[in-house]
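In what follows, a single structure is set out as structure tokens and then discussed.
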Number of protein chains: 2
Amino acid sequence: MNIGEASEKSGLPRKTIRYYEDIDLIRPLRDRNGYRAFRDKDVHKLIFLSRARALGFSIDDCRTLLALWEDDQRASADVRALAQDHLAHIDHKIQDLQSMRATLSDLITACAGDHRPDCPILASLEKE
Amino acid sequence: MNIGEASEKSGLPRKTIRYYEDIDLIRPLRDRNGYRAFRDKDVHKLIFLSRARALGFSIDDCRTLLALWEDDQRASADVRALAQDHLAHIDHKIQDLQSMRATLSDLITACAGDHRPDCPILASLEKE
DNA sequence: TCTTGACCTTCCCACCACTGGAAGCCCCAT
DNA sequence: ATGGGGCTTCCAGTGGTGGGAAGGTCAAGA
């Protein structure tokens with residue numbers, strides 16, 4: 001299977017797949033003509049990576065998750081711990097964004113939004 | 001005023017200030033020795049930028065905001081529109097994160113997290 | 001006057017996770 | 001033989017810094 005098909009099946013762009021090989025997340029074989037030859041196993045990994053990335057795991061986390069996935073002896077506690085760290089990370093981001101949102105939303109409400117120059121949004125950015 | 005003092009007063013790292021000059025957000029003067037010479041006006045701008053960035057505005061947005069800020073003839077509607085676009089952007093991000101959070105949280109709940117290898121988190125990343 | 005140390009300068013590299021583009025093979029259909 | 005698509009590698013860029021080297025400048029102390 002060439003990269004185009006692997007891309008279709010995994011939903012990842014060709015560029016991303018090459019990048020993942022570059023950083024040793026996957027190791028597809030090579031045909032005699034130099035083309036990458038993907039086995040089902042490789043595509044399976046790509047799908048795994050695509051899902052993990054969609055959940056916001058970093059590439060480094062993905063590396064660890066892949067290793068755990070391939071390890072029959074793994075303890076689910078290890079996976080769970082990683083996921084929980086990541087959850088905390090996400091929560092932190094959400095809180096940051098919500099705090100931004102609140103401030104911004106207040107400012108927008110306070111701004112007349114007409115043709116006049118007076119603007120509490122700019123005023124708030126300006127002064128203490 | 002040298003960059004160190006401007007950095008202290010604005011709360012921005014020296015590196016960031018130099019970067020902002022590089023991309024023409026600010027234009028401090030220069031002393032005869034080549035040192036940047038910040039006027040109060042420059043520091044004022046830096047503080048403005050720092051606040052805007054803290055609210056999550058992109059550098060490009062900041063450029064526009066600065067221009068509006070300096071324009072006595074501006075219409076507050078323009079500022080408001082920009083802020084509202086940004087608010088929508090933030091809301092979108094929050095929603096993405098919350099959807100991640102929900103999925104991840106469900107998976108964590110479902111995972112025993114013990115010494116056994118069975119793990120719904122990995123299982124969910126693997127299959128459809 | 002000399003030295004020390006804290007500034008300042010520019011320049012280049014690294015980060016993260018890709019993405020775009022150029023130059024050049026390879027393969028298949030016509 | 002030709003054309004078009006897919007494949008390859010390599011280089012460069014993104015945003016917004018951060019780290020560090022190599023070297024100039026300044027003020028204070030011995």
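In what follows, chains are A, B, ... by sequence order, proteins preceding strands, each numbered from 1.
- The pair A:E70-A:K45 meets the salt-bridge criterion, with a side-chain N (NZ, NE, NH1 or NH2) lying under 4.0 Å from an Asp/Glu carboxylate O.
- Within 4.0 Å of B:R30, counting heavy atoms only, lie sugar-phosphate atoms of the nucleic acid but no base atom.
- A sub-4.0 Å separation between OP1 or OP2 of C:dG21 and a side-chain N or O of A:R14 is absent.
- Nucleotide C:dT9 holds its C1' atom 11 Å from the CD atom of B:E21, rounded to whole Å.
- For A:Y20, a side-chain nitrogen or oxygen approaches OP1 or OP2 of C:dC18 to under 4.0 Å.
- Between the side chain of B:K15 and the base of D:dG16 there is no donor-acceptor pair of N/O atoms closer than 3.5 Å.
- Distances shown here put every side-chain N or O of A:T16 at or beyond 4.0 Å from the OP1 or OP2 atom of C:dA17.
- Comment: B:R30 engages B:E21 in a salt bridge, judged by a side-chain N to carboxylate O separation of less than 4.0 angstrom.
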A:I26 and A:I17: side chain to side chain contact (heavy atoms under 4.5 Å, CB included), yes or no, with the steps? CA-CA 8 Å; A:I26 51 162; A:I17 296 175; 4.0 Å; yes
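- A close approach under 4.0 Å does not occur between any side-chain nitrogen or oxygen of B:N33 and OP1 or OP2 of D:dG24.
- Ionic pairing of A:R39 and A:D42 is present here: one or more N-O contacts between side-chain nitrogen and carboxylate oxygen are shorter than 4.0 angstrom.
- Contact annotation for B:I59: backbone-only contact, meaning every heavy-atom pair under 4.0 Å involves sugar-phosphate atoms and none involves a base.
- Between B:D60 and B:Y35, the one whose closest nucleotide on DNA chain D sits nearer the 5' end is B:D60.
- When each of B:F57 and A:R36 is assigned the nucleotide of DNA chain D with its nearest heavy atom, A:R36 is the one assigned upstream, toward the 5' end.
- Residue A:D40 qualifies as open at atom CG: its count of foreign heavy atoms under 6.0 Å is 12 or below.
- The distance from atom CG of A:D22 to atom P of D:dT8 is 12 Å, rounded to the nearest whole Å.
- Judged by atom type and distance alone, B:Y19 does not reach the base of D:dG18 through any side-chain donor-acceptor pair under 3.5 Å.
- In this structure, CD1 of B:I17 is placed 11 Å from P of D:dG18, rounded to the nearest angstrom.
- Taking only side-chain atoms of A:R18, from C-beta outward, the nucleotide of C:dT10, D:dT17, D:dT9 with the closest atom is D:dT9.
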